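The block underneath contains the structure these notes are about, expressed in structure tokens.
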2 protein chains.
Amino acid sequence: MKAGPDIARVAALVGDPARANMLTALMSGKALTATELAHEAGVTPQTASGHLARLGEGGLVEVTRQGRHRYYHLAGPDVADLLERLMGVAARAGHLRTRTGPRDAALREARVCYDHLAGEMGVTLLSVMIMRRWIVTTEQGLELTAPGAAAMGGFGIDVDALRGKRRPVCRACLDWSARRNHLAGGLGAALLTRMVDLGWVRRLPESRALRFSPTGLAAFTDRFGLAGAA
Amino acid sequence: MKAGPDIARVAALVGDPARANMLTALMSGKALTATELAHEAGVTPQTASGHLARLGEGGLVEVTRQGRHRYYHLAGPDVADLLERLMGVAARAGHLRTRTGPRDAALREARVCYDHLAGEMGVTLLSVMIMRRWIVTTEQGLELTAPGAAAMGGFGIDVDALRGKRRPVCRACLDWSARRNHLAGGLGAALLTRMVDLGWVRRLPESRALRFSPTGLAAFTDRFGLAGAA
DNA sequence: TTCATGCTTCGACGCTAACCGAAGTATGAT
DNA sequence: ATCATACTTCGGTTAGCGTCGAAGCATGAA
């Protein structure tokens with residue numbers, strides 16, 4: 001009927017919510033394992049496996065095997081470009097996501113998003129850091145200020161080490177349950193790691209959910225709460 | 001599991017073959033009636049009606065009523081750009097829809113991309129304009145230089161009028177057949193309009209393909225060709 | 001008014017594919 | 001060897017949606 005490339009096939013691959021979530025997660029440029037992507041998409045590993053196979057056949061992702069892990073990454077910059085344009089059109093049309101959220105209330109409260117804190121606690125954390133001018137929003141994205149770096153140093157985080165990595169220090173990650181940004185990037189990961197080390201929070205088994213201990217919660221609000229933010 | 005613009009919803013809209021055919025037909029920039037689009041997609045009018053309603057809700061097409069006809073057109077350049085990128089990814093992945101016909105070859109040579117020139121001729125045009133420093137590439141994208149503006153004025157294009165519009169004057173658009181950029185934006189549209197007005201090129205019926213007349217081709221290479229570019 | 005055309009809505013059918021449980025394969029650790 | 005982890009394949013169920021026939025509006029022409 002018509003000549004040209006089969007855009008419907010590619011679009012249909014992105015058109016499934018689970019696959020779209022996986023692709024969005026891969027937009028960071030990092031390679032993720034199949035299991036991580038399954039969590040990201042909110043489906044079981046066997047379902048994710050099928051999706052990833054189809055994405056591979058469609059030329060959207062590629063896989064590199066390392067031991068018993070399979071690291072998936074976007075097939076190329078053109079795929080990332082395509083996804084960004086999709087976001088642009090979707091945003092202009094005003095269609096925010098209406099899909100099923102984390103069913104568990106605990107997930108909405110606090111959970112791991114790849115390697116950093118998400119949920120209500122994550123959103124609160126970022127908003128307070130911005131309120132205290134530890135982080136400012138620029139055109140490029142989020143940026144850690146000098147007072148912010150000092151505060152992070154006081155919390156036991158080696159900011160200079162983070163700056164040496166290829167990974168951006170601060171990155172905004174839109175929180176699906178709260179519909180506001182939380183903090184990703186190297187600093188986001190370091191903050192969660194530090195909180196776990198301090199015993200403030202622990203991961204619940206078999207879940208992405210996080211549970212703050214009473215003392216941890218108190219310490220969190222003491223250091224990052226709204227009370228001292230003014 | 002992030003939120004943000006719902007790319008799955010938009011992609012799913014494009015992911016149906018019938019809707020993809022309609023959108024591809026609308027890439028010509030012309031407004032088409034629902035019945036024409038039904039024929040283009042190979043479905044009955046009542047099926048097409050449902051598809052068009054969903055495309056409208058999704059913000060991909062808009063409709064203007066004229067008498068008992070409803071003329072559909074793409075909602076904006078961003079949609080055309082999205083579709084072109086989809087073609088690029090699909091072409092790279094090797095998913096050509098059918099065997100390549102003579103009509104396909106004409107499309108690769110010169111075609112309309114929304115409202116500007118694409119295909120080999122479009123890619124050549126932009127590369128020459130860059131080579132002559134009429135256009136320079138900056139971090140923000142493409143930019144028209146003073147000599148470039150003068151040259152466009154000499155070609156009969158009112159550059160100041162273009163600058164007054166909200167639409168960017170120069171924009172790069174990735175060409176799916178050539179896998180290189182061609183010129184979109186207000187200037188790209190004005191250039192194609194001018195070439196049509198001058199009789200250099202005409203649209204082939206029922207297609208996005210363009211055909212240059214012999215004299216038009218000579219005039220094109222005379223003004224925009226590589227010979228004078230050094 | 002009456003008829004024709006363009007398009008939409010409704011209802012029903014059928015097919016695709018997303019999903020999970022269970023089982024199977026491959027790799028690494030003990 | 002034995003177990004654990006990571007991932008895949010298979011089977012069966014279910015939900016969604018693309019499709020068309022028939023009928024309903026709306027517009028324009030005779």
Side-chain angles (χ1 to χ4, degrees), chain A residues 1 6-23 25-26 31-58 60-73 97-104 114 203 205-208, chain B residues 1 6-23 25-26 31-58 60-73:
Chain A
M1 200 146 309
D6 189 353
I7 69 172
R9 176 177 175 140
V10 175
L13 283 174
V14 189
D16 176 76
R19 287 193 293 261
N21 282 336
M22 294 180 181
L23 292 169
L26 291 173
L32 301 176
T33 67
T35 306
E36 286 170 330
L37 287 168
H39 284 171
E40 203 67 40
V43 295
T44 56
Q46 59 268 35
T47 301
S49 176
H51 284 312
L52 288 168
R54 298 191 61 178
L55 287 174
E57 286 172 19
L60 295 185
V61 304
E62 288 171 355
V63 61
T64 60
R65 304 181 53 163
Q66 269 181 30
R68 53 183 166 182
H69 294 276
R70 296 199 170 174
Y71 286 93
Y72 287 88
H73 57 93
R97 205 176 290 206
T98 59
R99 247 175 41 87
T100 66
R103 290 167 190 169
D104 199 343
Y114 184 47
R203 303 185 60 135
E206 318 249 334
S207 165
R208 300 170 57 202
Chain B
M1 229 197 262
D6 191 351
I7 68 171
R9 176 178 175 140
V10 175
L13 283 175
V14 189
D16 176 74
R19 287 193 293 261
N21 282 336
M22 294 181 182
L23 291 169
L26 290 174
L32 302 174
T33 67
T35 306
E36 286 172 327
L37 287 169
H39 185 257
E40 199 70 36
V43 295
T44 56
Q46 60 268 34
T47 300
S49 176
H51 284 314
L52 288 168
R54 299 190 61 179
L55 287 174
E57 285 172 24
L60 296 185
V61 304
E62 288 170 356
V63 61
T64 61
R65 302 181 54 162
Q66 271 180 29
R68 52 182 167 184
H69 293 277
R70 296 202 170 173
Y71 285 93
Y72 287 88
H73 57 93

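Note that the coordinates shown come from a computational prediction; the quantities given were computed from them, not determined experimentally. The figures that follow rest on heavy atoms only: side chains count, while hydrogens, waters and symmetry mates do not. The chains referred to below are lettered A, B, ... by the order of the sequence lines, with proteins before strands, and numbering in each begins at 1.
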> Which nucleotide, D:dG21, D:dC7, C:dA18, lies nearest any side-chain atom of B:Q46?
Replying inline: D:dG21
> Please give, in whole Å, the distance from C:dC7 P to B:L55 CG?
Replying inline: 15 Å
> Could you give the CD-to-C1' distance, from A:E57 to C:dA17, as a whole number of Å?
Replying inline: 14 Å
> Quick one: is A:R65 getting a side-chain N or O under 4.0 Å of the D:dC7 phosphate, OP1 or OP2?
Replying inline: no
> Of all the nucleotides listed (C:dA26, D:dG21, D:dC7), which has the minimum atom distance to the side chain of B:T44?
Replying inline: D:dG21
> Is the phosphate of D:dT8, meaning OP1 or OP2, less than 4.0 Å from a side-chain N or O of A:S49?
Replying inline: yes
>> Can you give me the closest heavy-atom contact between B:A48 and B:A34, atom names plus distance?
In response: CB-O, 4.3 Å
> Taking atom P of C:dG6 as reference, at what distance in whole Å does atom CG of B:L32 sit?
Replying inline: 15 Å
>> Can you tell me if A:R70 touches the phosphate of D:dT8, counting only side-chain N or O atoms and a distance under 4.0 Å to OP1 or OP2?
In response: yes
> If you look at every heavy atom in B:A18 and B:A41, which pair is closest and at what distance?
Replying inline: O-CB, 3.4 Å
> How many Å lie between CG on A:D16 and P on C:dT16, as a whole number?
Replying inline: 17 Å
>> For the backbone of B:A12 and the side chain of B:R19, can you confirm whether one donor and one acceptor N or O come within less than 3.5 Å of each other?
In response: yes
> B:T35 side chain N/O closer than 4.0 Å to the phosphate oxygens (OP1, OP2) of C:dG6?
Replying inline: no
> Among D:dT8, C:dC7, D:dT19, which nucleotide sits nearest the side chain of B:H51?
Replying inline: D:dT19
>> Using whole Å, what does the distance between atom P of nucleotide D:dG18 and atom CE of B:M22 come to?
In response: 11 Å
> Between B:H69 (NE2) and D:dA29 (C1'), how many Å, whole number?
Replying inline: 12 Å
> What's the NE2-P distance between B:H39 and C:dC7, to the nearest Å?
Replying inline: 14 Å
> Choosing from C:dA18, C:dC20, D:dC17, which nucleotide comes nearest the side chain of B:R54?
Replying inline: D:dC17
> When the distance from CG of B:L52 to P of C:dT9 is rounded to whole Å, what number comes out?
Replying inline: 11 Å
>> Is there a side-chain contact between B:T47 and the phosphate of D:dC20, meaning an N or O under 4.0 Å from OP1 or OP2?
In response: yes
>> Can you identify which nucleotide, out of C:dT8, D:dT9, D:dG18, has its nearest atom closest to the B:Y72 side chain?
In response: C:dT8
> Out of D:dA6, D:dT19, C:dT8, which nucleotide sits closest to the side chain of B:P45?
Replying inline: C:dT8
> Would you say the side-chain atoms of B:E36 and B:T33 include a donor-acceptor pair closer than 3.5 Å?
Replying inline: yes
> Which one, D:dT19, D:dA6, C:dA18, comes nearest to the side chain of B:A18?
Replying inline: D:dT19
>> Nearest 0.5 angstrom please: B:T35 OG1 to B:R70 CZ, how far?
In response: 11.5 Å
